[in-house]
Participant: 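Just dropping this structure here.
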Number of protein chains: 2
Amino acid sequence: MKKTSPANKRSPGRPRGFDRQAALETAMKTFWAHGYETTSISDLSRAMGINAPAIYSAFGDKKQLFLEAMRLYRGDPQRQAEAIAGAASAREAAAMVLANAIRTFTGKDTPKGCLVGTGLATGSPAAADVRAEGTAMRDTLEALLAGRIERDVSEGVLPPDTDAGTLAALVSCTVQGFSTLARDGASAAKLHAVTDLVLQGWPKEKSSSV
Amino acid sequence: MKKTSPANKRSPGRPRGFDRQAALETAMKTFWAHGYETTSISDLSRAMGINAPAIYSAFGDKKQLFLEAMRLYRGDPQRQAEAIAGAASAREAAAMVLANAIRTFTGKDTPKGCLVGTGLATGSPAAADVRAEGTAMRDTLEALLAGRIERDVSEGVLPPDTDAGTLAALVSCTVQGFSTLARDGASAAKLHAVTDLVLQGWPKEKSSSV
DNA sequence: TCTTTTTCATAATGATCGCTCGTAAATATC
DNA sequence: GATATTTACGAGCGATCATTATGAAAAAGA
């Protein structure tokens, strides 16, 4: 049984010859570029610069490595929830989510598109559980948005007949569409222009000042 | 060298023991469900009910089989072009494209989502040329839409400052987003509701009668 | 019936898959 | 230095990958 050293206290034995966090980031980018099942351990080994046994020793198996890369990609889920909850309005929350997606999907130093959306788009039945994690991530975002929209409705910012589920789905749909467009080569500017059109589907807010 | 019999004239030799078109349809659905690289020949062999050598004899190799399945999935490209060109307006062309996507992505007898969008979302460098075919398909649709939009602009149906490229990208983006939403389990009704919101981003037409 | 042509199923090709064993090397504590 | 512990790394595990060689079987024309 392997033991993950606490890193704050030096443990005996030969020290690890590579930076675990840097290796994880490289693995994330490799999965991002080529997908979960279509990235082999030997691909990862080559990209990370460490041999296969070292990968297994440090990260478990391929599935655990991908899930950890996925968590690194997603970032802190609580921060995301707070950002959506703390936005001035549901519309601004949506705009922020879309802007973040554009930045992530068209980054200069990372592969284009969404790691989760593209890397888990399809696959064998053996990877169904990993794909379910991806679906759960999208569902979580959609639920957060729907909740923020409903708050706007109950506070009178949005009309009472607003369909929060559909509106949240509009944002989620756009994010996923951005992933494919970005992978096809769309620029950030183009996606921002699309964002402006999409947000025209947003219900009129009861203007307070303007 | 194999010879694809013209089917109208009987050729000598043992007759094929399976329906080529039915086998192709089964292959299409299998690729649709599990993706291009993540579907193995043995998966296809099992699903199609024919042994591997028969697949190679009838369809060439895996790449050719997928490309043929892709063409079957897409349908007649000229029909698509004519449908978009023949629509009463660019907006109606967009609505038609989105409705078709919803029907295709949520069909009862086929896998959910888009064969091309999900089956080629990522993969190894060895399959880059096949992915490029998928991108080309999306680019073609977007170009057809942009052309139809520009016609509306030049005919005065849409405002002269309409950005045809962005508007076409909005539709393409929505189609691709629908693929992921459908795969995540979204109903056709939900996607139709999203369509209504998306089309609110469409520029106001100069109303002729109403 | 005999030859020709095509398809069939079995079995095997070399390569790669995810993963692990065994041993040498490098650090800690004693 | 001795011992314990951990990692590095070459080699190899069985399984599966896409693909094909082989030869029997089934049809046509002679």
Participant: Would you say B:Ile41 and B:Tyr56 make side-chain contact, with heavy atoms under 4.5 Å?
Facilitator: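 Of all side-chain heavy-atom pairs linking B:Tyr56 with B:Ile41, at least one is under 4.5 Å.
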
Participant: Please report, rounded to the nearest Å, how far the P atom of C:dA28 is from the CZ atom of A:Arg14.
Facilitator: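 The answer, rounded to whole Å, is 13 Å.
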
Participant: Of all heavy-atom pairs between B:Ser172 and A:Leu181, which one has the smallest distance, and what is that distance?
Facilitator: OG-CD1, 4.0 Å

Participant: So, is B:Tyr56 close to the D:dT19 phosphate, meaning a side-chain N or O under 4.0 Å from OP1 or OP2?
Facilitator: yes

Participant: Note the angle between the end axes of the helix from C:dT1-D:dA30 to C:dC30-D:dG1, five pairs defining each, rounded to 10 degrees.
Facilitator: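 Taking five pairs per end, the axes differ by 0°.
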
Participant: Side-chain donor-acceptor pair under 3.5 Å between A:Asp184 and B:Thr135, yes or no?
Facilitator: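 Per modelled atom types, A:Asp184 and B:Thr135 side chains form a pair under 3.5 Å.
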
Participant: May I have the distance from A:Asp61 (atom CG) to C:dC19 (atom C1'), rounded to whole angstrom?
Facilitator: 9 Å

Participant: Salt bridge between B:Glu68 and B:Arg20, side-chain N to carboxylate O under 4.0 Å?
Facilitator: yes

Participant: Is there a residue in residues 38-54 of chain B whose heavy atoms reach under 4.0 Å of DNA chain C, and which residues are they?
Facilitator: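 Nucleic-acid contacts, sorted: B:Asn51, B:Pro53, B:Ala54.
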
Participant: Mind checking side-chain contact (heavy atoms from CB on, under 4.5 Å) for B:Thr166 and listing every partner two or more places apart, or none if nothing turns up?
Facilitator: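 Checked B:Thr166 against side-chain contact (heavy atoms from CB on, under 4.5 Å); matches are A:Ala193, A:Val194, A:Leu197, B:Asp163.
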
Participant: Between B:Glu82 and B:Arg148, does any NZ, NE, NH1 or NH2 come within less than 4.0 Å of an OD or OE carboxylate oxygen?
Facilitator: no

Participant: What is the separation between atom NE2 on A:His34 and atom C1' on C:dT16, rounded to the nearest whole Å?
Facilitator: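 Whole-Å distance recorded here is 17 Å.
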
Participant: C:dA9 P sits how many Å from B:Ile55 CD1, rounded?
Facilitator: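 Nearest whole value for this atom pair: 12 Å.
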
Participant: What is the distance, to the nearest angstrom, from the CZ atom on A:Phe18 to the C1' atom on D:dC9?
Facilitator: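 Interatomic distance, CZ of A:Phe18 to C1' of D:dC9: 13 Å.
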
Participant: Determine whether B:Tyr36 and A:Thr38 satisfy the following criterion, side-chain contact (heavy atoms from CB on, under 4.5 Å), listing intermediate values before the conclusion.
Facilitator: CA-CA 10 Å; B:Tyr36 170 45; A:Thr38 40; over 6 Å; no

Participant: Rounding to an integer number of Å, can you tell me how far B:Arg16 CZ sits from D:dA26 P?
Facilitator: 18 Å

Participant: Assess the residue pair B:Thr118 and B:Arg183 against the criterion (side-chain hydrogen bond (donor to acceptor under 3.5 Å, both in side chains)); give the C-alpha distance rounded to whole Å, side-chain angles, the decisive distance to 0.1 Å, and a yes or no.
Facilitator: CA-CA 9 Å; B:Thr118 62; B:Arg183 201 159 269 253; 3.2 Å; yes

Participant: A:Gly117 and A:Gln176: which non-hydrogen atoms are nearest, and at how many Å?
Facilitator: CA-OE1, 3.9 Å

Participant: In whole angstrom, give the distance that lies between atom CG of A:Leu65 and atom P of C:dC19.
Facilitator: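 Atom CG in A:Leu65 sits about 10 Å away from atom P in C:dC19.
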
